[in-house]
Amino acid sequence: MSAPAFIIETELSHSRLTGLAHMQYDLFCVKNRISRTLVAISVIGIGALYMPAWWSFLLIAYGGYLLTGRYNQANHTVNQVEKTIEASGLGYPRDRLEFTPACLRVIPQPAKSSEVTVLRFRDIAGIGEDSENYYIFRDRFGGYVVPKAALGSREQEFRDFLENASGRHINRPQIPFLSLRARLRDRYTERKG
């Protein structure tokens, strides 16, 4: 077995669990997102056509809710998982992630040799990132969180390693402000370097 290129100790938290659920929705529920948007626009349109009627305002409000509440189901799932974690009394799960050239080894902490999970990079279902974390999905239903803070100055090296090893592009939800901030940061880095 080859030596790991990256070793990362990670512990889930409320924000990481929420980010994982939101990224899962973004990556694997595209049809749902499109359908929800189309229904919302239709409902708002019908409400606008019948504007003088009292119920048209209800339609417009409901359409707005559909447009802005895209993570409601994901947030509900996070709340259910957190209740289960709280009831267990064990706290949030902690893992040691070892990235070798061939696979990702996930070792629950405290370490128990029989519980090592090996995920080959070609079997990764999706990879995403937001401003705080990378999300690696083993399937549509679960994945792992890699905090960017744990990578330090090796973040770009990790990103390149992950894309090359898995053959997948790292998906990032495009938010106009974040895109602008990234472009400005890159421009600043180019001038500085």
Side-chain angles (χ1 to χ4, degrees), residues 1-38 69-85 88 92-109 111-151 154-175 178-179 182:
M1 180 184 305
S2 58
F6 295 90
I7 298 174
I8 298 164
E9 302 278 340
T10 183
E11 181 175 6
L12 279 181
S13 64
H14 173 75
S15 63
R16 290 180 183 157
L17 192 58
T18 302
L20 185 68
H22 290 185
M23 188 60 63
Q24 181 181 20
Y25 183 79
D26 287 338
L27 290 177
F28 302 112
C29 299
V30 175
K31 290 179 183 177
N32 186 6
R33 285 180 21 219
I34 292 170
S35 299
R36 185 181 181 111
T37 302
L38 292 175
R70 77 180 200 186
Y71 293 129
N72 287 342
Q73 185 60 41
N75 291 338
H76 177 71
T77 302
V78 167
N79 291 335
Q80 295 301 323
V81 169
E82 286 188 329
K83 285 178 185 176
T84 303
I85 290 171
S88 74
Y92 286 101
R94 294 180 336 185
D95 294 315
R96 175 184 168 109
L97 307 176
E98 296 180 354
F99 292 85
T100 69
C103 65
L104 164 61
R105 296 180 69 229
V106 181
I107 305 165
Q109 299 297 309
K112 296 178 183 172
S113 61
S114 64
E115 294 186 21
V116 174
T117 300
V118 177
L119 178 63
R120 295 176 300 189
F121 287 117
R122 69 174 183 253
D123 295 336
I124 289 176
I127 307 171
E129 82 170 297
D130 61 18
S131 61
E132 302 290 322
N133 303 300
Y134 288 98
Y135 304 96
I136 302 167
F137 290 91
R138 64 180 180 270
D139 55 31
R140 295 187 56 183
F141 306 107
Y144 307 101
V145 179
V146 178
K148 289 183 176 182
L151 297 168
R154 296 184 69 195
E155 182 183 338
Q156 186 60 45
E157 181 184 352
F158 176 78
R159 180 185 182 82
D160 294 341
F161 171 83
L162 196 55
E163 285 185 330
N164 291 333
S166 68
R168 292 187 165 275
H169 172 71
I170 297 175
N171 295 299
R172 180 182 179 105
Q174 293 299 316
I175 301 170
L178 294 179
S179 298

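For the pair L27 and F137, the minimum side-chain heavy-atom distance is below 4.5 Å. Looking only at side-chain heavy atoms (C-beta outward), H14 and L17 stay at 4.5 Å or farther from each other. Within the 4.5 Å cutoff, the side chain of R168 has no heavy atoms near those of the L162 side chain. Counting only heavy atoms from C-beta outward, the side chains of I136 and I124 approach each other to under 4.5 Å. Side-chain contact check for H169 versus E163: some heavy-atom pair is nearer than 4.5 Å. Counting heavy atoms from C-beta outward, R16 and P147 have side chains that approach closer than 4.5 Å.
Proximity of a side-chain donor or acceptor of E129 to a complementary backbone N or O of I127 within less than 3.5 Å is not detected. For N72 (side chain) and G69 (main-chain N/O), a donor-acceptor pair under 3.5 Å exists by modelled atom type. A donor-acceptor pair is defined here as one N or O able to donate and one able to accept, closer than 3.5 Å; such a pair exists between the side chain of S88 and the backbone of I85. D123 places no side-chain N or O within 3.5 Å of a backbone atom of L119 that could act as its donor or acceptor partner.
Under the 30°/60° scheme for interplanar angles, the aromatic rings of F161 and F121 are found to stand perpendicular. The aromatic rings of Y25 and Y71 sit perpendicular to each other, their planes meeting at more than 60°, with 30° as the lower class boundary.
Using a 3.5 Å distance cut-off with no hydrogens or angles, the side chains of Y135 and N171 do not pair a donor with an acceptor.
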